[in-house]
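By convention here, the first residue in the shown sequence is residue 1. No hydrogens, no waters, no symmetry mates; every other heavy atom, side chains included, goes into these values.
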Amino acid sequence: MVRPCGLLTDQKKPVPLKSISVTLTISEFVAGVSATLNYENEEKVPLEVVFVFPVDEDSAVYSFEAMVDGKKIVAELQDKNEARTSYENAISQGHQAFLLEEDDSSRDVFCCNLGNLPPGSKAALSLKYVQELPLEADGALRYVLPAVLNPRYQLSGGPEGSCLTMKTPVVPVEDLPYTLSMDATITSQHGIERVQCNCPLSATEYLGDKTSAQISLADGHKFDRDVELLIYYREVHTPSVAVEMGKPATKPDCLMGDPSAMVSFYPNIPEAQSAITCGEFIFLMDRSGSMGCPMSNQDKSQLRIEAAKETLIWLLKSLPIGCYFNIYGFGTFYEAFFQNSVKYTQDTMEEALRRVKLMQADLGGTEILAPLKNIYSAASIPGHPLQLFVFTDGEVDDTFSVIREVKSNGLRHRCFSFGIGEGASTSLIKGIARVSGGTAEFITGEERMQSKALRALKRSLQPVVEDVSLGWNLPPGLAAKMLSPEPTVIFRGQRLIIYAQLTGKMPPAESTGEVCLKYTLQGKSFENKVIFSLQPKFDANFTVHRLAAKSFLQTKDMGFTDTPANDKKDVLKVSIECGVISSHTAFIAINKDLNKPVQGPLVHRDIPRPALCCNSAIRVLIADADHKIFSDPVPQSTSYHCMSRQKNYFSHSSMMKKSLGFLGQVKLPDLGFRSKKPRPLRGCPLVMGRAHFSTNRTNLETNHTGQVKLPALGFRSKEPRLVSKSPFEIGRAHFSTNRTKLETNHTDDHLVQLISLQNADGSWCLSEGLAVVLGMSLKDILAALPIKGADSSGWATVLAVLWLHDNCKDMKCEWELLERKAVAWIHTHAGSVMHALVKAAVDFLKSSADPAIFAP
């Protein structure tokens, strides 16, 4: 379909979308959602309205219908090319038409087209979907209603068909002309302990014996954050099997015709006695401009890049002695701290820490494919399996290309992914973790990145669960056909959901079946069995069938342009038979029952999206920098970069200026590039050169005119250009890179200082820095050493461990691994005097910690 690409909608014109209303039903760990887009044409001409919006990538969208002036029109799911052609033909003939499609390049972006809405007419477009709810570490189920869709960076060489390449209008959140409402009903046979939300709610009403709850989103949601619910049930989640009746009168060999089973396991995997001490740990950190945004839209929220830097310190300190590691920063190009992964020692850790402290969100766009390919091209280190940790705000449009690259290397590594901030792509973050046997985490609002990153590191250090298999014991004549991929990786505390199609003759109602999950851990065999009723239950929405179809599609569908032919055939078949949308299908509805075709020229209207101020502001400079970077000679240095010719983030600088005009008078900076003619790039993937954006960049300087002076970027420039401050105080928070030292702002706390002082082997040295953390003088600490002449490092390490337990017990998940290193070091280096040191330290600090924490 030819997509209109006009400039901004004139803000003086009424926006046709008036409101979005959401009805949410959560039963146990499955959510059913109905979202209605309410339109009204207040203009005097017929309109075509386009709305681009986010949906969680795990959502199985199965219904789309329109209510136009009292008439209901149900859409049909078709091959996407056919649906697009039908839509174009319909609106060209004056018919009303409605099109809903998943983005060609990303599962978590949808585009809704409403064609030929007559003057004065109203339309309500409703879509329905179901999804599994992810399980949090504390036992909560998490539901997210995506409300933020950030601009996304187009990968070099990527496809052109993304909805996100359209020049969709952006406006400040306070000027958004439509509203959001949400009503939710939550039910659980186990009882509901509590419900939490990151947005204001009206009063929560519990019904019965707290087996049901009803909540509503308070009026006035500003679209400045996703709506997140955390649901806590009274009982710990238990294994279960739900069998759902198939759809009557369905042709043979159709997924919808047979009963489907949804199996939920919560494997009770014991914690290993000894963690793994080998491995190659690579940390891939997003350093694109958007990482300079705050973690949330609160006034004093920490910048994403600063939280990332703190997290890297935690991770570096928690690595085991003897492993290998490296750190990559990526943007428009990438940098590696070391040419190859290096052995973890005191010297390499200190060098990495030094460079972490210099990191800034200064590498341009989000070109994540190049560093991934470089990482995978390196030879494996014998005896050290690769563990990849990816931290990004996920602002990439072609997520399928990234997922394919990770999947092609899935057998040689595990990828643990982290989505940072509001609007991170669920398609990218979940997709790369799923295809590599890792885990995905999202960090929003006031959540701490450190705790989720350290939990993933702890999982990566656990012995691998092996020989995972799933067995079915069913009556004769009945078989289970797997719709989900066979599980290969299981982590402690993780839920496992598997879908199967039950084929053959169903037995009498009283019959039961059994499913058994088997696995081996450190030479020991384990089994988890569930006995379940084979009497299928009827569900008008066919929830289990839709979820099963979605699980199947996620393994086969690799995007509109690059899905292999055989897989595309399977995707089309399952998608259309089950009514679940894919990148190859779209919902189409045509209203031919109007008294006469709509007359007059059709006017295009794009529905504006909310712009979080920092993202839009930063993108202006990044886009301007991108189109200049590749036309100049590369200065010399010792860093390593991989570059490729990029397209601008926005298509034209004039478009950037216009679409972001609400930011105030923003002058694009002269980045000081000298260029006579474009220089072709050489084919070598690694270019020795100086960082194009210097890693030791100074703070942004503010002069007496109230303008922000951009720092030198390592290129010659005749004079500095100035950027006027916007109403959002660009220089103060969103453009600022002046939070570079870990001793300032949000990092100015004793826990960060204490962890920064720890040595690679787990010990602490007795120093003034440690004395500051303990709140005592170095002289008094030395005087309290119980054994004169003993190594002061043993004394310091015991004091540091006790301080952690006394002052940061609620954050133990963040320092548990480095504490293990410390205790192991104490046993090795202070074993004979350990009990004396511990007893004296407990008395000296007046500690309430149990001395048993020092047990081996």
Side-chain angles (χ1 to χ4, degrees), residues 56-60 102-109 131-132 134 155 158-159 280-284 286 330 366 368-377 380 385-392 394 396-419 424-442 456 459-460 464-465 468 470 482-491 494-499 547-564 566-568 570-571 574 582-584:
D56 189 284
E57 94 111 31
D58 286 334
S59 303
E102 180 181 286
D103 185 63
D104 289 351
S105 303
S106 188
R107 288 194 185 100
D108 62 344
V109 178
Q131 70 176 100
E132 305 161 5
L155 297 173
E280 181 187 8
F281 299 88
I282 295 183
F283 305 104
L284 181 58
D286 192 340
F330 72 93
T366 314
I368 191 174
L369 264 179
L372 282 173
K373 290 180 178 180
N374 180 259
I375 290 168
Y376 295 142
S377 68
S380 299
L386 175 61
Q387 311 272 14
L388 178 61
F389 294 73
V390 178
F391 298 84
T392 178
V396 177
D397 69 340
D398 184 15
T399 63
F400 283 118
S401 292
V402 182
I403 294 169
R404 281 196 302 272
E405 182 65 27
V406 175
K407 183 179 182 179
S408 66
N409 293 276
L411 296 179
R412 58 170 293 204
H413 84 302
R414 289 187 294 186
C415 179
F416 300 88
S417 56
F418 304 86
S425 169
T426 59
S427 180
L428 177 69
I429 304 303
K430 292 182 178 181
I432 60 177
R434 182 177 59 250
V435 298
S436 64
T439 59
E441 299 277 5
F442 291 87
R459 283 173 169 170
S460 73
V464 176
V465 173
V468 181
L470 194 71
M482 296 293 293
L483 297 171
S484 306
E486 289 279 357
T488 57
V489 179
I490 309 175
F491 295 105
Q494 187 182 35
R495 182 186 63 194
L496 188 64
I497 296 180
I498 300 155
Y499 295 95
L547 291 174
K550 181 67 177 182
S551 178
F552 177 86
L553 294 172
Q554 283 179 324
T555 62
K556 296 280 189 178
D557 189 353
M558 283 291 111
F560 183 68
T561 59
D562 292 313
T563 301
N566 287 339
D567 287 343
K568 180 179 177 180
D570 292 338
V571 167
V574 171
S582 70
S583 69
H584 298 277

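Between the Asp108 side chain and the Thr426 main chain, a donor and an acceptor come within less than 3.5 Å of each other. Between the side chain of Ser106 and the backbone N or O of Val109, no donor-acceptor pair lies under 3.5 Å. Looking at Ser551, its side chain never comes within 3.5 Å of a backbone N or O of Ala548 through a donor-acceptor pair. When atom types are taken as modelled, the side chain of Asp557 and the backbone of Val571 share no donor-acceptor pair closer than 3.5 angstrom. Between the Arg414 side chain and the Pro385 main chain, no donor and acceptor come within less than 3.5 Å of each other. Counting only distance, with no hydrogens or angles, the side chain of Arg404 and the backbone of Met558 share a donor-acceptor pair below 3.5 Å. A side-chain donor-acceptor contact under 3.5 Å links Ser484 to the backbone of Tyr499. Side-chain N or O atoms of His584 include one that pairs as donor or acceptor with a backbone N or O of Gly559 at under 3.5 Å. When atom types are taken as modelled, the side chain of Ser417 and the backbone of Ile429 share a donor-acceptor pair closer than 3.5 angstrom.
Taking the side chain as every heavy atom from C-beta outward, Phe330 and Thr366 approach each other to under 4.5 Å. Side chains of Asp56 and Lys430 form a contact here, defined as non-hydrogen atoms less than 4.5 Å apart. Taking the side chain as every heavy atom from C-beta outward, Leu386 and Asn409 never approach each other to under 4.5 Å.
Of the options Ile282, Val406, Ile375, a side chain to side chain contact (heavy atoms under 4.5 Å, CB included) to His413 is made by Val406 and by none of the others.
When all heavy atoms of Val574 and Phe552 are compared, the closest pair comes out as CG2-CE2, 3.5 Å. What you find for Ala456 and Phe418 is that their closest heavy atoms are CB-CZ, 3.6 Å. For the pair Ser59 and Gln131, the tightest heavy-atom approach, listed with the atom from each and the gap, is OG-OE1, 3.5 Å. Nearest heavy-atom pair, Val468 versus Pro487, reported as atom, atom and distance to 0.1 Å: CG1-O, 3.3 Å.
Between the CG atom of Asp562 and the OG atom of Ser583 there is a distance of 9.5 Å, given to the nearest 0.5 Å. Summarising the geometry, atom OG belonging to Ser460 is positioned 8.0 Å from atom CZ belonging to Phe491; distances are rounded to the nearest 0.5 Å. Atom OG of Ser582 and atom CG of Asp570 lie 11.5 Å apart (nearest 0.5 Å). To the nearest 0.5 Å, atom CD1 of residue Ile432 and atom OG1 of residue Thr392 are 8.0 Å apart. Between Lys407 atom NZ and Cys415 atom SG the span is 14.5 Å, to the nearest 0.5 Å. For the atom pair CG (Leu388) and CD (Glu280), the distance works out to 9.5 Å, reported to the nearest 0.5 Å.
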*Show your reasoning for whether side chain to side chain contact (heavy atoms under 4.5 Å, CB included) applies to Phe400 and Arg107.*
CA-CA 9 Å; Phe400 283 118; Arg107 288 194 185 100; 3.6 Å; yes
*Evaluate the criterion side chain to side chain contact (heavy atoms under 4.5 Å, CB included) for residue pair Phe391 and Leu284; output intermediate values, then yes/no.*
CA-CA 6 Å; Phe391 298 84; Leu284 181 58; over 6 Å; no
*Between Glu132 and Asp58, is a side chain to side chain contact (heavy atoms under 4.5 Å, CB included) present by the stated rule, with each step listed?*
CA-CA 7 Å; Glu132 305 161 5; Asp58 286 334; 5.7 Å; no
_Set out, in order, the CA-CA distance, both residues' side-chain angles and the distance that settles side chain to side chain contact (heavy atoms under 4.5 Å, CB included) for Glu405 and Leu369, then state yes or no._
CA-CA 8 Å; Glu405 182 65 27; Leu369 264 179; 3.8 Å; yes
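Residues meeting the side-chain contact (heavy atoms from CB on, under 4.5 Å) test with Ala60, sequence neighbours left out: Val130, Arg546, Lys550, Val580. The salt bridge (Lys or Arg N to Asp or Glu O under 4.0 Å) test applied to Arg459 returns no partner, not counting sequence neighbours.
In this pair, Phe389 and Phe281 present their aromatic rings tilted. The plane angle is within the 30 to 60° band.
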